[in-house]
Participant: 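Shown below is the structure under consideration.
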Amino acid sequence: MQMAFEGVGTTMRPVPIGGAVEAFNSGLAARKPTLFDSLPADLEHLQHLWTDAYLAKAAGDTVLQVEQRGGEGQAFGKGDASKATLTLAAALARMAAGDTSLYITTQAVPTAPDGHPALYAPLIERLAADLPVAPQLTASLVPQSINLWCGAATQGSSSGLHCDYHDNLYVLLRGRKRFRLYPPSQAPRMYTVGRPAVVHPNGRIVFRGQGDIQADGSEAGDAARWLARREAEAELAAAESAATQGLPGASKRLRAAEQRLDAVLDAALEGDGDDFAGFDDFDALEAQPVDQASPPPLHAAAAGDPESFSRVDLSLPDSELRRRFPRFPGKDAALVCEVAAGQMLYLPAGWFHEVTSFSEPGCPTHMALNWWFHPPDNLGGGGDAAAAKPYRSGYWPAVWEGRRAEYEARHRKATGQQQGQQQGEAQPQAAVQGDAARSGRKRKASGDATDAAAAATVQHQDALRACRHGGSMRQQTLPRSYGLFGVGRRQHLHRFVMLRTPR
């Protein structure tokens, strides 16, 4: 059953930052956007720190692919063909001089050793010490990427109407933004480039041809491989313990456990995942099939437009919109959100949005920082329960556990500025609301044994070589970053990163 959404056709009111935790938890569970009237303590310094001069000194020589539009009336987000190669310092200088044709948006990122895209591109890596790896308000969510957005638009510039695949915490540092929002339930009426196949209950939209994407955004085969390995490693650890104790039948059990793990690793190296259907014992995720009788797209897609981009042009008069897009809900049906500098917006995955950006008098540029998070799908217990354990599967938390130490080390300076918290001790929302910490890391005894086995610091290529040559876990333990995920396909994730539309 698709979750009901209310409030469409109105203007959002900001929530005082003093009530941020309760409001965020409520919006997280209800899958509703939430606007905060100011920035929390771990982010507010960025509004004053990140001047053009500071950014040019800290990361000015970073080479960027900058969106470039042909004129004031055109929208950004037209693919790689409309990008210019500039350094950050050059782009900022042109914007400060009044060049409204440029827009700094998402940048291509490399593939990390775990097979997933890196958390951010070199620009954010150069600035990592200034910001937390994840804001304390969202500490229970698993971050997917961090991005900087910057442009100049005295007359306003549009991102075009689209939806995203991840939950978004959007922090506005300069200028102002107007969001026009439509809930995920309206996907069949959005005239998207791609055909919606499924709208999950948490709002995550899957388009035809994107594969078996679950509500939390994971690919079913990847999640199945992770679960298969976790269970095989736990059984091996238990079998080794039994053998150490000299229990009856322990030797036979140990041989079987080693064979099981070897089979799991061999299958993972094949990179397909179709053979792992038997391991996929996640609860069936409730999803809403989309009406496939909706009319076909009216126009050919522009080159580079991602599936989640709408063909609807909100700059058209209402009469023209109704004529060309009769199923579209209309401008008046949008939930309007006006975001000012020093405010932030939480936008759950799947909400369609057009963002119009404006420079303010006295400052020629608008600038925002955003975090995308893998969408939570454990929403049945209400706000506090959803914030404490946002994911039904342990897959994304395990992904993050395997890479968080590397990223937290880069952000240690910012982490130290956040209420004096030490690395690895930050608790979800602890500094925002002095409640007792929710751990979210408790594991079964078998899971503890698995973590111990996965903690070895073997290099990725060495582990891959050992796995290819049949080394068992007792001789050669794969590093957590590799072993959790196998070498499954990542095309859909890379596509989302490369073709992300601007805000």
Side-chain angles (χ1 to χ4, degrees), residues 11-12 14 35 47 50-52 55 64-84 86 88-106 147-162 164 168 170-182 302 304-305 309-321 324-325 328 330-345 347 352-370 500-503:
T11 300
M12 291 180 63
L35 175 65
Q47 188 176 2
W50 279 7
T51 63
D52 283 3
L55 293 172
L64 306 175
Q65 295 299 308
V66 182
E67 292 276 356
Q68 190 166 30
R69 62 177 180 173
E72 285 277 352
Q74 294 185 6
F76 289 101
K78 298 302 181 183
D80 292 340
S82 59
K83 290 185 177 180
L86 297 169
L88 173 63
L92 291 174
R94 286 177 56 174
M95 294 174 189
D99 189 340
T100 61
S101 69
L102 303 177
Y103 193 25
I104 298 172
T105 68
T106 54
N147 307 278
L148 181 71
W149 312 82
C150 185
T154 54
Q155 303 300 317
S157 61
S158 170
S159 67
L161 184 62
H162 62 283
D164 292 329
N168 189 353
Y170 193 85
V171 178
L172 189 57
L173 304 176
R174 305 180 194 173
R176 62 185 177 92
K177 305 266 183 168
R178 178 186 301 125
F179 285 73
R180 282 187 175 136
L181 305 173
Y182 299 87
D305 280 349
F309 203 90
S310 172
R311 292 179 171 82
V312 174
D313 181 358
L314 292 178
S315 68
L316 295 173
D318 289 344
S319 58
E320 184 67 9
L321 275 180
R324 294 177 58 181
F325 307 101
F328 182 67
K331 296 178 187 177
D332 292 342
L335 174 62
V336 179
C337 179
E338 299 279 355
V339 187
Q343 295 182 337
M344 67 180 183
L345 172 66
L347 186 63
F352 285 86
H353 51 288
E354 183 211 34
V355 187
T356 306
S357 304
F358 299 90
S359 304
E360 291 282 69
C363 180
T365 55
H366 52 83
M367 180 180 291
L369 179 71
N370 93 298
R500 182 76 62 186
T501 54
R503 302 293 169 283

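Heads up: numbering here begins at 1 and tracks the sequence. Because the structure is predicted, anything quoted here is derived from the model rather than measured.
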Participant: Distance from Ser159 atom OG to Lys177 atom NZ, nearest 0.5 Å?
Facilitator: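 Those atoms lie 8.5 Å apart.
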
Participant: Any side-chain heavy atom of His353 sitting closer than 4.5 Å to one from Leu345?
Facilitator: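 His353 does not reach Leu345 side chain to side chain.
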
Participant: Look only at the side chain of Lys83 and the backbone of Leu64, and say whether a donor-acceptor pair between them is shorter than 3.5 Å.
Facilitator: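 Looks like no, no N/O pair under 3.5 Å.
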
Participant: What are the two closest heavy atoms between Leu181 and Cys337, and how far apart are they?
Facilitator: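 For Leu181 versus Cys337, the nearest heavy atoms are CD1-CB, 4.3 Å.
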
Participant: About how many Å separate NZ of Lys331 and CZ of Arg180, when rounded to the nearest 0.5 Å?
Facilitator: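 Those atoms lie 6.0 Å apart.
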
Participant: Applying salt bridge (charged side-chain N to carboxylate O under 4.0 Å, His left out) as the test, list every pair that has at least one member in residues 333-342; sequence neighbours left out.
Facilitator: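 Sorted result for residues 333-342: Arg178-Glu338.
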
Participant: Donor-acceptor pair, distance only, cut-off 3.5 Å: does the side chain of Tyr170 make one with the backbone of Gln343?
Facilitator: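 It does not hold such a pair.
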
Participant: Given side chains that start at C-beta, do those of Ile104 and Leu88 come closer than 4.5 Å, heavy atoms only?
Facilitator: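 They are in side-chain contact.
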
Participant: Given side chains that start at C-beta, do those of Phe179 and Leu35 come closer than 4.5 Å, heavy atoms only?
Facilitator: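 No, too far: nothing below the 4.5 Å cut-off.
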
Participant: What is the distance from atom CG of Leu102 to atom OG of Ser157, rounded to the nearest 0.5 Å?
Facilitator: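 If I round to the nearest 0.5 Å, the distance is 11.0 Å.
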
Participant: Rounded to the nearest 0.5 Å, what separation is found between the SG atom of Cys150 and the CG atom of Leu173?
Facilitator: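 Cys150 atom SG to Leu173 atom CG measures 9.5 Å (nearest 0.5 Å).
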
Participant: Find the distance between CE (Met367) and CG (Leu92) and round it off to the nearest 0.5 Å.
Facilitator: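 It comes to 5.5 Å.
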
Participant: For Ser359, enumerate each residue passing the side-chain hydrogen bond (donor to acceptor under 3.5 Å, both in side chains) test, keeping only those at least two apart in sequence or located in another chain.
Facilitator: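 Applying side-chain hydrogen bond (donor to acceptor under 3.5 Å, both in side chains) to Ser359 gives none.
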
Participant: How close do Ala91 and Val66 get, heavy atom to heavy atom, and via which atoms?
Facilitator: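 Closest pair (atom of Ala91, atom of Val66, distance): CB-CG2, 4.4 Å.
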
Participant: Can you give me the closest heavy-atom contact between Ala153 and Ser357, atom names plus distance?
Facilitator: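 That would be CB-O, 3.4 Å.
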
Participant: Roughly how far apart are Gln68 CD and Ser82 OG, rounded to 0.5 Å?
Facilitator: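 These two atoms lie 8.0 Å from each other.
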
Participant: Tell me which one of Asp164, Thr106, Asn147 satisfies side chain to side chain donor-acceptor pair (under 3.5 Å) with Asn370.
Facilitator: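 Only match with Asn370 under side chain to side chain donor-acceptor pair (under 3.5 Å): Asn147.
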
Participant: If I compare all heavy atoms of Gly160 with all of Ser158, which pair ends up nearest, and what's the gap?
Facilitator: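 Closest approach of Gly160 to Ser158, heavy atoms only: N-OG, 3.0 Å.
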
Participant: Can we say Glu360 and Arg176 salt-bridge, meaning some charged N sits less than 4.0 Å from an Asp/Glu carboxylate O?
Facilitator: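 Salt bridge flag = yes for Arg176 with Glu360.
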
Participant: Which of these passes side chain to side chain contact (heavy atoms under 4.5 Å, CB included) with Thr100: Arg69, Arg94, Met95?
Facilitator: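 It is Arg69; the other options fail the test.
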
Participant: Within the structure provided, determine whether Phe328 and Leu161 are in side-chain contact (heavy-atom separation under 4.5 Å).
Facilitator: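 Touching, per the 4.5 Å side-chain cut-off.
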
Participant: If only atom types and distance count, is the side chain of Thr356 paired as donor or acceptor with the main-chain N or O of Gly156 below 3.5 Å?
Facilitator: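 Answer holds: no.
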
